[in-house]
Every structure is written in structure tokens, then in C-alpha cells.
Number of protein chains: 2
Amino acid sequence: MALGTDYAQQDCSLARALEVVGERWSMLIVRDAFYGVRRFNDFLAHLDIPRAVLTGRLRSLVAAGVLDKEPYQQSPVRYGYGLTSAGRELWLPIYALARWGERHASDGGARTVFSHATCGTRLDIVGSCPTCCVLVAPEDVMMRPGPGALTELRQDPVSRALGRPHRLLAPIEPLSETVGEQAAEPVG
Amino acid sequence: MALGTDYAQQDCSLARALEVVGERWSMLIVRDAFYGVRRFNDFLAHLDIPRAVLTGRLRSLVAAGVLDKEPYQQSPVRYGYGLTSAGRELWLPIYALARWGERHASDGGARTVFSHATCGTRLDIVGSCPTCCVLVAPEDVMMRPGPGALTELRQDPVSRALGRPHRLLAPIEPLSETVGEQAAEPVG
DNA sequence: TTCCTAGGTCTGGTGAACGAACTCACTCAA
DNA sequence: TTGAGTGAGTTCGTTCACCAGACCTAGGAA
């Protein structure tokens, strides 16, 4: 029995879901994919995850149909990882779990605030926009640091890019090369 | 670093939540608590979890404020585990994840169907009642086996009790002692 | 030719998960 | 008062995933 997977005796959709995203790191990898992380080394630096574990988790998530692996540049060819449509549907459980963690497992307020990109209203507890009365798709969600964010904690390119408002699913890696498109101050 | 916990470098409420319910078995224990399981041996039989692991997980969940341990009988005193208010708020992420698993990680349709107890309408994707237009609290949710349920899979008392419609959070253990309150046929 | 970068593999040590056996306190029936 | 049963664990040896760091490979760049 693979540790962390295989709840075969459980006749339950939750157990099936946990076989896909229930292993250590898996859900944080999917979260980062929503944040726009696509490259192996960006996952690596942002998550502080052992390389071999990241390799295995990416492979599992691709096999499960949550991520797909596609070239993002030629010569030399480099592959990135993006959410499939099934992966994008993980937005609801991930958002719900993050909101629970914000209320019951964190101190100092929300680390990250999610709002409706078209109207700016903060999403409610289930991920709907109270102003527009619609369930907001992840590509229409803006994220920005909240009052509880610990800005000093990390200095990798992904964390720095996420220090400014960012639309979910919009790729992050251009920021790590063309820094300064919005007059970003040098950190420190 | 404890395996399965400690994402200390992650400035993220999701990581905080996963430190509480992200370890193997933890979320299934909370799910069973929603189903009304309260006794150590019932968790044990329904989950097929090693005893030592169950002991550790229950202790962690009590320490995290998700479950509380209370005597459910005297002479001899026996303790059961029930959801705290923080634990009950895990209903939304657990329901969302189960629905994702039903659509993307299962075959043969929903294992379990959740509906609004007061009107009978099946809950929508975020756990609201489309008829009453309210977010349904777990104590107002009825669960019953769905078209994809594998009725032959398990024969422990909890699984048998859940083979009939059951209200979330209603304790299960009376059924394992006073079998027959609804003319249940003997199995086999 | 050497260095650098991206995206990995490989390896040895550590520790959690697993399953089975054992413990302990208590009750009940003979 | 002996023995069996129950509930809720604890102990122990084996297995296996996680971890950190070193190493590898292919294609540019200096």
C-alpha cells in the first residue's frame, strides 16, 4: 500500500479525492498552480519541497488528470505544468479549506485575500461574489496579500511576484525575468 | 519535522489548515465524525486504520480544537469524540472535496447523496439548497447511499447504519445496539 | 573548454505507517 | 472468584515514504 494513497476500502468520494490530492505537498502544488506557478524550479523554490518528492507529485498529478505538462519554450525545450479543467475544479475545495484555515488555524488575519476581478468584492465563504451573486471561476479571481501576510518570510521569485495583486491562473514566470513592470520597489 | 505536518515556511492559510487535517486519515476521521461516529472502536472498524495511528490522530484533532473528547457513558466511563464548532465548519471543504472526487476520481456515480433535510433537495456544488436558497448547515443535511455505492464492500456496524438515510452529526452508535428500529433485515 | 541553467535521478539516513500482539480497567455470567 | 468479554488504548518489529544533498544530462552562453 502506497503511503498516503490507497484508501481502497473506503466507499467514499472523499477517499477517492484524497488518493489524488491527499498526499503531503499535493494540495500545495495545486494551490501554486492556481497562483500561476508552472516551472519545476519555481515550485521547488516556493514550496521548499525535496526535488525527488516534487518530481513524484507532479507525475502523479499529471497521471490523475489534475495537471498537464506542456512545453513553454523551445530551444532548449522546457516543460511547465498547468491545471487541466478537472484541476481547475479543485478551486472550490482548496478555497474552502484555506478559508477554514484562516479562521481556525491562523492568527493575525487573512494571509491572502481573494476578490472578484470584475467588481473587486471579496469572495464569500463558498467562493461566490456577494455583489454579482455568481460563483466566481478561478480565472476571475484576484489575489492580494491580506492583513496577516508575513512579507518577510520568503524571498523567492514566486513569493515576490505574489506580493502584488495577481490574477489566478495567470502565469507568474514573466515577472521573475521582467521585474519592474509596475515600478516594483527593490526589496529590503 | 513531523511527517505530514509542518509547512512552517508557507505563508498560507491552506498550509495552516493542512497541518491540522492534511495528514493521512485525518480528513476521513473528520468525515466519520460528521457521519455520527463517536467511539474509538467504530472509527477503527469503519476506517480500517491502525489503532496506534487512530490514537495519534484523535489526539491531534482534539489538540487542534477540531474534535472534543467527552464521556458518553458512565460505569465504566467511556469517551467519545465529537466535532467542535470549528470542526463542524470543516463541512464546506470536506463536502467540496467529496463532490470533486465524485466527478473526477470515481466511476459509477455518487457513492453518497447529500440533501437538505427540510425539503429533500439535493445540495448543489457548494453545499447550498437550490430550493430554499440557503447554505445548509451539516446538522440539516441528510445523507443516503447514491447510485455508485458499493453495498457489498463493508459490513461493519457503521457501514450498515449508513446504508439507510441518516442525518449528519446524529450519533450512530445506538443503531449498533438497538438494531431494528426501522425493521432492518438481518444481513446475509 | 568551461560554466550556467533547467529539470531532473540517485542514495543513505530517519521516522511515520502498518499489523499484530499485548495491556489495563471494568463488567457480566457462571 | 474465576473466566470471558469489551473498550480503549500501548508496544514492537518491519516496511516504506520523506528528506537533504550530491550527482547527472542536455542545451546555450562566456
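Just so it is clear: chains get the letters A, B, ... in the order the sequence lines come, proteins before strands, and each one is counted from 1.
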*Grab the two heavy atoms, one from B:Cys119 and one from B:Cys129, that are nearest each other, plus how far apart they are.*
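Distance-wise, the nearest heavy atoms are SG-SG, 3.4 Å.
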*For residues A:Tyr79 and A:Pro71, report the shortest heavy-atom separation together with the two atoms involved.*
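For A:Tyr79 and A:Pro71, the tightest heavy-atom pair comes out as CD2-N, 3.5 Å.
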Which pairs would a plain distance check flag for residues 52-63 of chain A, meaning a side-chain donor or acceptor within less than 3.5 Å of a matching protein atom at least two apart in sequence or in another chain?
residue	atom	partner	partner atom	Å
A:Thr55	OG1	A:Arg51	O	3.0
A:Arg57	NE	A:Arg24	O	2.9
A:Arg57	NH2	A:Arg24	O	3.3
A:Ser60	OG	A:Gly56	O	3.0

*asked:* Among residues at least two apart in sequence or on other chains, which ones pass ring-ring contact (aromatic ring centres under 6.0 Å, His included) with A:His116?
replied: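 In terms of ring-ring contact (aromatic ring centres under 6.0 Å, His included), with neighbours along the sequence ignored, A:His116 is linked to no residue.
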The side chain of [X] is closest to which nucleotide in this list: [options]?
X	options	answer
B:Thr55	D:dT10, D:dA8, C:dG7	D:dT10
A:Tyr81	D:dC19, C:dG8, C:dT27	C:dG8
B:Pro76	C:dG8, C:dC26, C:dT5	C:dC26
B:Arg59	C:dG7, D:dT10, C:dT27	D:dT10
A:Arg78	D:dC18, D:dG7, C:dA6	C:dA6

*May I have the distance from A:Phe40 (atom CZ) to C:dG7 (atom C1'), rounded to whole angstrom?*
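A:Phe40 atom CZ is separated from C:dG7 atom C1' by 6 Å.
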*In whole angstrom, what separates A:Glu23's CD from C:dA17's C1'?*
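So the CD-C1' distance, A:Glu23 to C:dA17, works out to 13 Å.
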*Answer whether the closest heavy-atom distance between the side chains of B:Asp124 and B:Val126 falls below 4.5 Å.*
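Yes; the side chains approach each other to less than 4.5 Å.
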*Within residues 46-54 of chain B, find the residues that approach DNA chain C with a heavy atom at under 4.0 Å, and present them sorted by residue number.*
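Residues of residues 46-54 of chain B under 4.0 Å from DNA chain C: B:Pro50, B:Arg51, B:Val53.
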Phosphate-side-chain proximity, [X] and [N], N/O vs OP1/OP2 below 4.0 Å:
X	N	answer
A:Arg39	C:dA6	yes
A:Tyr72	C:dG7	yes
A:Trp25	D:dC19	yes

_Assuming nearest nucleotide by heavy-atom distance, tell me which of A:Arg57 and A:Gln74 is located more 5' along DNA chain D._
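It is A:Arg57, whose closest nucleotide lies nearer the 5' terminus.
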*Judged by modelled atom types alone, do A:Arg31 and B:Gln10 share a side-chain donor-acceptor pair under 3.5 Å?*
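Short answer, yes.
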